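The structure appears below as structure tokens.
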Protein chains: 2
Amino acid sequence: MSYVQQAYRTLKDRILANRYPPGQQILEQALADDLGMSRTPVREALIRLHDEGLVELIPRRGMRVVPLAPEDMQEIYEVLSALEVAAVELAARRPLEPDTLQPLEDALQAMETRLADDDLDGWARADARFHRALLALSGNRRLVAMAATLADQVHRARMTTLRLRPRPVKSIEEHREVLEALRAGDGERAAGAHRRHRHNAARLLLDLLNYYRLPHL
Amino acid sequence: MSYVQQAYRTLKDRILANRYPPGQQILEQALADDLGMSRTPVREALIRLHDEGLVELIPRRGMRVVPLAPEDMQEIYEVLSALEVAAVELAARRPLEPDTLQPLEDALQAMETRLADDDLDGWARADARFHRALLALSGNRRLVAMAATLADQVHRARMTTLRLRPRPVKSIEEHREVLEALRAGDGERAAGAHRRHRHNAARLLLDLLNYYRLPHL
DNA sequence: AGATGCAATAACGTATACGTTAAATTATTC
DNA sequence: GAATAATTTAACGTATACGTTATTGCATCT
């Protein structure tokens, strides 16, 4: 793996894991020293992270993890919803092999067990898995990629609200409805259900950010 | 303007103008010589163009303008449709000031005059303007940006099919229906109309590519 | 002649060097 | 002492240098 890729992965992982607090500024040279390489590959990795909306690059101030305000969350959720609903519609249009929906079923069952075990992190991982599987079913690689970068952007916020929200029982029901509609071959119902699910999720997240006064994450 | 920005804009313009034939490979050093700068800023610009899906970067072969196959076009149109339809829905949800829809009206009238003058390039510009204005009405900056990169990707194909297709009379009608529905405050009708419009546009483009055996543009 | 191995080439990935200039610090003036 | 000017510092943007390695061409062998 090239140094650029190393830097990209390492920095991205750290940002998603909230190891660099949003708003903090880090100089290119400091990153390079930390990663044990020169500034060149670090800069190239930073450009990619910038294009994905994860960092800002401010001359003489280095990289700055983009703090997301509630309005940003709203924007991101609007786009993400549109993409996922489209994915559901596309998925419903494809021929339904017996095991097509298995990844969804597996993820959904994982969500249920994790929740029963009060393993919230595990639930969040299974939830993400469900959404990724759904996007993959669209068969549209660009759709998958764009949704993934948006999901990355809200990852921090999702993680911090994970323990502030009520147990995601409703959420699981909503996922199940999407899956059942797909299984029944009813694309319209599936899309509608998913649209409602995304709408509720966004509403919940935004209310939490507002209630707990988390102006930017 | 920095050299990176210069390189980015120049290369992007050339790619969209079809000055670099798709598939052709150009070495980093050749680009740098051509642009009168060193490889460093060229490389950084290439990374951005790569992230936008316009070029591939092949070690020891340099940059390669991504040739788009019909399946790629289909993918791009699927995503672009989803984003624009979402934009219409968001736009319909906003308060309707008297001059909110003026940019759309202006673009639409421009489309009509250009078409009456048989100015196809002018029509294409006005069409693009309409779609940009529509996206802007969503008030969602990320939505606008993502749609713009997708529109850039299909730009070459649109230009080459511009003179192979019948006169876009139907297209203008479809735009007008979207505008009228927005004016009437009927978001659902507007979204539906735009969805049909995008569907028709994609179908037309793909049929043309198929009919004229243009396997990758 | 075709295939195989070796040498030469050159393109990339990364490191380093360097000029420019914004920011910070110190000195100076009122 | 506060405000301004002069000086220093250092971070970035870009250029250059360089080692590694894929590719190409040639020579050798069958």
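The sequence lines fix the lettering, A, B, ..., with proteins before strands; numbering per chain opens at 1. Predicted model only: the values in this text are computed from it and were never measured.
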Minimum-distance nucleotide (side-chain atoms of [X] versus [options]):
{"X": "A/T40", "options": "C/dT14, D/dC12, D/dG13", "result": "C/dT14"}
{"X": "B/P59", "options": "D/dA15, C/dC12, C/dA15", "result": "C/dC12"}
{"X": "A/S2", "options": "C/dT14, D/dT14, C/dA11", "result": "C/dT14"}

Would you mind reading off the distance between [X] atom [atom1] and [N] atom [atom2], rounded to a whole angstrom?
{"X": "A/L31", "N": "D/dA11", "atom1": "CG", "atom2": "P", "value": "12 Å"}
{"X": "B/Y3", "N": "D/dC12", "atom1": "OH", "atom2": "C1'", "value": "15 Å"}
{"X": "B/E28", "N": "C/dA10", "atom1": "CD", "atom2": "P", "value": "16 Å"}
{"X": "A/L27", "N": "C/dA22", "atom1": "CG", "atom2": "C1'", "value": "13 Å"}
{"X": "B/M63", "N": "C/dG13", "atom1": "CE", "atom2": "P", "value": "15 Å"}
{"X": "B/R64", "N": "C/dA11", "atom1": "CZ", "atom2": "P", "value": "18 Å"}
{"X": "A/R43", "N": "D/dA15", "atom1": "CZ", "atom2": "P", "value": "12 Å"}
{"X": "B/E44", "N": "C/dC12", "atom1": "CD", "atom2": "P", "value": "15 Å"}

| message | For a quick test of reading the model: is some side-chain N or O of A/R39 closer than 4.0 Å to OP1 or OP2 of C/dA15? | response |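 For A/R39, the contact criterion (side-chain N or O under 4.0 Å from OP1 or OP2 of C/dA15) is not met.
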| query | Does the side chain of A/R60 get closer than 4.0 angstrom to OP1 or OP2 of C/dT21 through an N or O atom? | reply |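 Negative; the distance criterion is not met.
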| SB check B/R125 B/D121 (cutoff 4.0 Å) |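 Salt bridge flag = no for B/D121 with B/R125.
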| query | Is it true that A/R19 and A/D13 have a side-chain N and a carboxylate O under 4.0 angstrom from each other? | reply |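 The answer is no: the pair does not qualify as a salt bridge.
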| query | Would a 4.5 Å heavy-atom cut-off, applied to side chains only, mark B/E174 and B/V178 as touching? | reply |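 When only atoms from C-beta onward are counted, B/V178 and B/E174 do not touch, as no gap falls below 4.5 Å.
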| message | Between A/R156 and A/L217 (side chain of the first, backbone of the second, donor and acceptor by atom type, cut-off under 3.5 Å), is there such a pair? | response |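 Checked: pair present.
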| task | Please check if the side chain of B/D72 supplies one atom and the backbone of B/A69 the other of a donor-acceptor pair under 3.5 Å. | result |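 Yes; judged by distance alone, with no hydrogens or angles, the pair exists.
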| message | Applying a 4.0 Å non-hydrogen cut-off, can you work out what A/R61 is touching in the nucleic acid: base, sugar-phosphate, or nothing? | response |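 It contacts sugar-phosphate atoms only.
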